[in-house]
Structures are given as C-alpha cells and as structure tokens.
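First the structure, then my questions, so here it is.
Quick caveat: nothing in here was measured; it's all calculated off a predicted structure. As a basis for the values below, the full set of heavy atoms in this structure was taken, side chains included, without hydrogen atoms, waters or symmetry mates. Lettering of chains follows the sequences in order, A, B, ..., and the numbering in each one begins at 1.
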Amino acid sequence: MNLSGEFFAFLIFSLMAIGGAVFMISFTRVVHMALAMAFTFLSLAGMYVLLNAEFVAVVQVLIYTGAVTILMLFGIMLTRHRDEEREDGRRWHRLLSFVGVTAFGLILLLTIWRLPFPESEADPASYTVQRLGEIVFRHYVIPFELTSVLLLVALVGAVILAKREGQS
Amino acid sequence: MPATSYLALAAILFCIGLYGVLTKRNAVIVLFSIELMLNAANLNLVAFSKFGLHADISGQIFSLFSITVAAAEAAVGIAILIALYRRRQTVDVDRFDTMRG
C-alpha cells in the first residue's frame, strides 16, 4: 500500500464520515444528532472530490449540508425537540437489530472483498463540468425535465401537507 | 485508492443508517438515517463512475438525479411529519400505530 496524499485524504474523510454517523447514532440530544449528520455529509463531499466529481461535491454541500440539514433542523424545532432518546424496555429490540445489521454488513463487506474487481481507472481529465452539462442536456434531457416536474410537485405537495387545515 | 475501499465505506455507512432506522424512535432521526443510506448509495454511484470496466461520467449524473429526488423526499417527509405532529402531538414513531391490525 503506497502512502500517497490520496490515501491520507481518504483515511481522514472516511474517519470523519464514519465518526459522524456513529456519533449520530449514539448522541441523545436531537440537535446534536443533526450537527453530527451535517459533519458526515460534508466529509462525503470531500470523498466526491477524491473521486474526480467536483460538481457532485459542490451539489452535496449545497443540498445536503445546506438545505437538507437546515430543513431537518426546522423539523426538529417545530416539533417536540427537548425530548431525549429514552431507553425503556427495548433492549431485545436493539440487540436483535444490532445483530441483524452486523450480520448484513459482514456479508456485504465479505462480498465486496471477494469481488474480482478490475484495476482499470477512468481518465479523470475527461470529467469536466462542461462534459457533465453536455451529457445532461443532450442524453438525459427528458429525465432532467421530469425531475423538474417532480420537484414542482414535491414543492406544492409539501406546502399543502404542512399548511394548517381550515378553521372548520 | 482501490475501488473496494470506497465500496466498503459505503457499506458501513449504509449499515449505520439501517441501524438508525430500526432503533431510533424520533421520526426526524429516522428520516436522517434514510438520508444517510441514500448518501451511501450515491457514494457507490460516484465510485463506479471512476472505477470499473465501463467507467463513465453517467454515474455522476445518476447521483445528481438521486440527490434531487432525496431532497424532494426530505421536504415531503418533513411536511408529513409536521402535519402528524399537529394532529397527534408526538414525533415518536412507536405512537403512530393507527393502522396496526
């Protein structure tokens, strides 16, 4: 294993991502969980930069660490957020979940480990934002328009759902 | 870095998110865990746009679409949660059991 800068960057970003996720699971205050999650999203953006996906990294920072985290914070503040996670009488449930998820994760990791993976790597010089835009607006233009319709429907639906019902 | 390390990281994040979905009681945190699982899938898509036999930039475009859909899902989820909270005065997922048989 060569100790290149990419290796160290991957190590730091993966530690940040997994650490944020584990803290999210183990914190008891809901707001702290949201902040830990924002940390994980941010380190995943760094991971995208390592994978030559700069535009996706910027979108990740804008959408996830910006919009989704703030939206969730609004959701937390508008509902009852002073509660802490209680631990009452669900020990068997937690234990069963832990065992099941661990078994699933081990199977997944073992499969990935044994996967005969080709060492080929794409040429990162061709991964420019210009090429990304060309492909989106030529080859994937219909999914792009469908996505805009979906966003409009979600916007209207969210407003109608969250609106206070009439004074009846 | 080999591709397997990125795939392993995505698998670990997915498992943490799955554990959160299964054990957390606050509905906002359950939504957060779902977002974490979606992020793990996105990491796989972007990794396969760089590595593999047919490495192509389409993987990044797929992840862009998936981020868009995830944002819409989060907005609608929070709206449903606020409507439910207004009606039931709780965000505990165990208490939303009206449809239990």
Side-chain angles (χ1 to χ4, degrees), chain A residues 6-7 10 14 17-18 21-22 24-25 30 33-34 37 40-41 44 47-48 51-53 56 59-60 63-64 67-68 71-72 74-76 78-80 85 93-94 97-98 101 104-105 108-109 112-113 115 117-118 120-122 127 131-132 135-136 140 143 147 150-151 154 157-158 161-162, chain B residues 1-9 11-20 22-26 28-29 31-32 35-36 39 42-43 46-47 49-53 55-58 60-61 63-65 67-76 78-83 85-86 89-91:
Chain A
E6 192 191 359
F7 173 74
F10 177 82
S14 59
I18 295 176
V22 169
M24 193 273 282
I25 293 296
V30 182
M33 290 179 178
M37 207 61 202
T40 303
F41 290 153
L44 274 171
M47 206 63 89
Y48 293 154
L51 284 166
N52 299 106
V56 184
V59 167
Q60 166 90 7
I63 304 290
Y64 271 109
V68 171
L71 192 70
M72 294 289 180
F74 267 103
I76 291 167
L78 287 177
T79 55
R80 188 172 300 164
E85 285 277 328
H93 177 90
R94 293 167 70 91
S97 305
F98 185 76
V101 169
F104 175 71
L108 219 59
L109 285 177
I112 290 169
W113 188 255
L115 193 70
F117 213 82
S120 63
E121 205 174 294
Y127 282 9
R131 195 167 138 66
L132 200 71
I135 292 185
V136 167
Y140 290 100
T147 313
L150 174 79
L151 275 181
L161 276 173
Chain B
M1 287 303 295
T4 44
S5 44
Y6 289 102
L7 298 188
L9 172 67
I12 291 169
L13 286 182
F14 186 88
C15 288
I16 295 174
L18 188 62
Y19 180 73
L22 287 176
T23 55
K24 291 295 169 187
R25 317 181 75 158
N26 192 325
V28 182
I29 301 305
L31 268 178
F32 249 138
E35 294 292 330
L36 185 62
N39 254 300
N42 279 342
L43 184 61
V46 178
S49 86
K50 186 175 181 185
F51 303 103
L53 275 182
D56 195 2
I57 205 169
S58 332
Q60 297 185 14
I61 293 166
S63 74
L64 283 179
F65 281 131
I67 286 175
T68 317
V69 175
E73 173 253 329
V76 175
I78 285 291
I80 290 175
L81 200 67
I82 288 175
Y85 178 73
R86 197 174 288 139
Q89 300 298 315
T90 180
V91 284

Nearest non-hydrogen partners of A/Ala158 and B/Ala79, listed with the distance =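 Shortest heavy-atom contact: O-CB, 3.4 Å.
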Contacting moiety of A/Leu51, where chain B heavy atoms sit under 4.5 Å |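 Answer is both: backbone and side chain atoms of A/Leu51 are under 4.5 Å from chain B.
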Got a second to check how far B/Lys24's NZ is from B/Leu22's CG, nearest 0.5 Å?
->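 Here the interatomic distance stands at 12.0 Å.
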B/Tyr19 portion near chain A, given a 4.5 angstrom heavy-atom threshold |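 For B/Tyr19, heavy atoms of backbone and side chain both lie under 4.5 Å from chain A.
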Region of B/Leu64 in contact with chain A, defined by heavy-atom distances below 4.5 Å =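 The answer is the side chain of B/Leu64.
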Do you know the tightest heavy-atom contact between A/Ala21 and B/Leu13?
->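 Scanning both residues, the minimum pair turns out to be CB-CD2, 4.0 Å.
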Side chain from CB out, backbone as N, CA, C, O: work out which of these in B/Leu31 comes under 4.5 Å of a heavy atom of chain A, or both, or neither.
->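 Answer is both: backbone and side chain atoms of B/Leu31 are under 4.5 Å from chain A.
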Under 4.5 Å heavy-atom distance to chain A, tell me which part of B/Ile12 shows up: side chain, backbone, both or neither.
->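 Contact with chain A involves the side chain of B/Ile12 alone.
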What part of A/Thr40 lies closer than 4.5 angstrom to a heavy atom of chain B: side chain, backbone, both or neither?
->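 The side chain, not the backbone.
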Quick one: what part of B/Ser63 sits under 4.5 Å from any heavy atom of chain A, side chain, backbone, both or neither?
->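 Interface part for B/Ser63: side chain.
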Under 4.5 Å from any heavy atom of chain A - which part of B/Ile78 =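 Just its side chain gets close to chain A.
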Where on A/Leu109 is there a heavy atom nearer than 4.5 Å to chain B: the side chain, the backbone, both, or neither?
->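 Interface part for A/Leu109: side chain.
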Could you give the distance from CG (B/Asn42) to OH (A/Tyr48), rounded to the nearest 0.5 Å?
->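 Rounded to the nearest 0.5 Å, the CG-OH separation comes out at 4.5 Å.
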Against chain B, label A/Ala67 side chain, backbone, both or neither, depending on which of its atoms sit under 4.5 Å from a heavy atom there.
->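 It is neither, since no heavy atom gets under 4.5 Å.
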Over all heavy atoms of both residues, which pair between A/Tyr64 and B/Ile67 is shortest? Give the atoms and the distance, please.
->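 What the structure gives for the nearest pair is CE1-CG1, 3.9 Å.
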Heavy-atom distances under 4.5 Å only: say whether B/Ile16 touches chain A with side chain, backbone, both or neither.
->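 Both parts, heavy atoms under 4.5 Å.
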Engaged part of B/Gln89 at the chain A interface, taking heavy atoms whose separation is under 4.5 Å |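 Both backbone and side chain of B/Gln89 come within 4.5 Å of chain A.
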Selection from B/Ile61, B/Val76, B/Val69 maximising heavy-atom pairs under 4.5 Å formed with chain A |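 Looking at each of B/Ile61, B/Val76, B/Val69 in turn, B/Ile61 comes out on top.
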Heavy-atom distances under 4.5 Å only: say whether A/Met72 touches chain B with side chain, backbone, both or neither.
->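 For A/Met72, the contact with chain B is made by backbone and side chain together.
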Under 4.5 Å from a heavy atom of chain A, the part of B/Thr90 involved |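 For B/Thr90, neither part sits under 4.5 Å from chain A.
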Checking heavy atoms, do the side chain of A/Leu71, its backbone, both or neither come under 4.5 Å from chain B?
->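 Its backbone and side chain both get close to chain B.
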Who among A/Leu150, A/Val136, A/Leu44 has the most heavy-atom pairs with chain B under 4.5 Å?
->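 With the most close heavy-atom pairs to chain B, the winner is A/Leu44.
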Look up atom CD1 in A/Ile112 and atom OG1 in B/Thr4, then write down how far apart they are to the nearest 0.5 Å.
->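 One finds 8.5 Å between CD1 of A/Ile112 and OG1 of B/Thr4.
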Which of B/Ala70, B/Ala8, B/Gly20, B/Ala71 touches chain A most, by non-hydrogen pairs under 4.5 Å =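 Ranked by heavy-atom pairs under 4.5 Å with chain A, first place is B/Ala8.
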How long is the gap from OG1 on A/Thr79 to CD1 on B/Ile82, to the nearest 0.5 Å?
->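 Here the rounded value is 7.5 Å.
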Using the ring of each side chain (for Trp, its six-membered ring), is A/Phe41 parallel, tilted or perpendicular to B/Phe32, with breaks at 30° and 60°?
->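 It falls in the tilted class, 30° to 60°.
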A/Phe74 portion near chain B, given a 4.5 angstrom heavy-atom threshold |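 For A/Phe74, neither part sits under 4.5 Å from chain B.
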Does a donor on one side chain sit under 3.5 Å from an acceptor on the other, for B/Asn39 and A/Gln60?
->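 A/Gln60 and B/Asn39 do have a side-chain donor-acceptor pair below 3.5 Å.
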Flag side-chain contact, heavy atom, 4.5 Å: B/Phe65 against A/Thr147 =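 Counting from C-beta outward, B/Phe65 and A/Thr147 do come under 4.5 Å.
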Indicate the atoms forming the closest heavy-atom contact of A/Gly105 with B/Cys15, along with that distance.
->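 For A/Gly105 versus B/Cys15, the nearest heavy atoms are CA-SG, 3.3 Å.
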Taking all heavy atoms of B/Ala55 and all of B/Ser49, pick out the closest pair and write down the distance.
->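 Answer, listing the atom of B/Ala55 first, then B/Ser49: CB-O, 3.8 Å.
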Contact class of A/Ile25 relative to chain B, heavy atoms under 4.5 angstrom =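 Contact with chain B is through both the backbone and side chain of A/Ile25.
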